[in-house]
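Some notes on the structure that comes next.
Numbers for residues simply follow the sequence, beginning at 1. In this text the structure is predicted, and so the values were computed from the model without any measurement.
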Amino acid sequence: MTSDNKRAPRFVIDTCVIVSALMGDTENDPHPKADASVFELTQGEEGKSRLVLPAIVIAELNGTGILGGTNKPQAERQKMHSAITGYLDGLHFIPAEVDWFTAQTAAALAYDHMLKPMDALIAATALTVQADALLTWDDHLLRLDGKPDFTVPVRKPVDGGGQGAFDLAGPGFDPLQN
C-alpha cells in the first residue's frame, strides 16, 4: 500500500515485460527494457503497485522460444521451465483467469484491432479487472492506448533507475546461448 493511504495502482503485466526482466537487454534488442521491466515488477513486490498476471501469460512464458528454447535440448528446456515456475511461484501477483466475458471481450478486441489471440486476452484482462494500466513493450498493444473502445491506459514500463535483469537461472546461465 502506498504511504498516503491511496490504493496502490493495479497493473496488468504483459508477457514481454517479464521476459525482458528475466533476459535483460541483448544485442538484438538494445532498448533499456530490462531495467524498466525489473523496476515495475519490483514495485509490485514492494506493494507500491498490484500486479495482475493473466493466466495466459504463464503459458506464454513457458512456451516462448527465447526462454524455453523450443529448439534446445530437453534438459535445457526443463532447466528454464523450472526456473520460470520458481520465479512465478515467488512473485506476488493477482492471478486473472479467463472467463466467458473476458474471452468474448478478447474476441472483439482481436477482430476490431487485428490483435493476436494471446495479446487480445491480455488486453481483455486489463479491461475486465479495470486495471489502472496495461504494461507492455508490444507495439500492437501499445496502439490500443487512447482508443475509444479501450478504456485502460496502455504504456511501456518506466525505468526507475538501473535495476538490471533478474538472475533467474543463476550466474553464468544464458538461455540465449545454452
Side-chain angles (χ1 to χ4, degrees), residues 1-25 29 31-64 66-68 80-99 101-103 105-106 109 115-142 144-145 150-169 175:
M1 193 60 86
T2 59
S3 60
D4 59 3
N5 290 331
K6 290 184 179 180
R7 176 182 66 85
R10 181 176 33 229
F11 298 138
V12 169
I13 304 295
D14 187 12
T15 309
C16 58
V17 173
I18 297 175
V19 169
S20 294
L22 298 178
M23 294 297 300
D25 301 319
D29 194 2
H31 305 289
K33 294 178 181 177
D35 286 345
S37 297
V38 168
F39 177 76
E40 295 284 8
L41 295 173
T42 301
Q43 293 293 294
E45 290 296 303
E46 294 174 355
K48 295 175 183 171
S49 65
R50 295 176 296 157
L51 306 177
V52 177
L53 194 65
I56 198 67
V57 168
I58 296 167
E60 276 194 307
L61 281 171
N62 280 291
T64 183
I66 195 165
L67 289 180
M80 240 6 239
H81 172 73
S82 295
I84 291 167
T85 301
Y87 171 73
L88 290 175
D89 285 347
L91 184 65
H92 295 94
F93 64 88
I94 302 164
E97 297 181 10
V98 176
D99 60 11
F101 177 78
T102 305
T105 302
L109 288 169
L115 295 174
K116 295 177 187 175
M118 301 286 198
D119 290 341
L121 280 168
I122 292 167
T125 298
L127 288 172
T128 301
V129 303
Q130 298 177 347
D132 293 298
L134 167 57
L135 304 182
T136 186
W137 295 108
D138 186 310
D139 288 335
H140 296 100
L141 289 173
L142 288 166
L144 292 174
D145 190 49
F150 199 80
T151 56
V152 173
V154 184
R155 68 169 176 83
K156 296 176 182 178
V158 177
D159 186 356
Q163 306 289 321
F166 287 131
D167 187 12
L168 177 68

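The two atoms that bring I122 and I56 nearest to each other are CG1-CG2, 3.7 Å, heavy atoms only. Closest approach of L127 and T151 over heavy atoms only: CD2-OG1, 3.5 Å. The two atoms that bring A126 and V12 nearest to each other are CA-CG2, 3.6 Å, heavy atoms only. Nearest heavy atom pair, residue L141 against residue D119, reads CD2-O, 3.5 Å.
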V129 and V152: CA distance, side-chain angles, deciding distance, side-chain contact (heavy atoms from CB on, under 4.5 Å) verdict: CA-CA 10 Å; V129 303; V152 173; over 6 Å; no
Verdict with reasoning, T125 to L53, per side-chain contact (heavy atoms from CB on, under 4.5 Å): CA-CA 9 Å; T125 298; L53 194 65; over 6 Å; no
Intermediate values then yes/no, side-chain contact (heavy atoms from CB on, under 4.5 Å), F150 and D145: CA-CA 7 Å; F150 199 80; D145 190 49; over 6 Å; no
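Listed by chain and residue number, R7 satisfy the salt bridge (charged side-chain N to carboxylate O under 4.0 Å, His left out) test with D132 (two or more places apart in sequence, or in another chain). Taking A124 as the reference, T102, T105, A106, L109 meet the side chain to side chain contact (heavy atoms under 4.5 Å, CB included) condition, with sequence neighbours excluded.
Residues S49 and L51 meet the side-chain proximity criterion, which asks for heavy atoms closer than 4.5 Å.
Here the side chain of E97 pairs no donor or acceptor atom with the backbone of A55 at under 3.5 angstrom.
With E40 as the fixed residue, the salt bridge (Lys or Arg N to Asp or Glu O under 4.0 Å) test singles out one of R155, K156, R50: R155.
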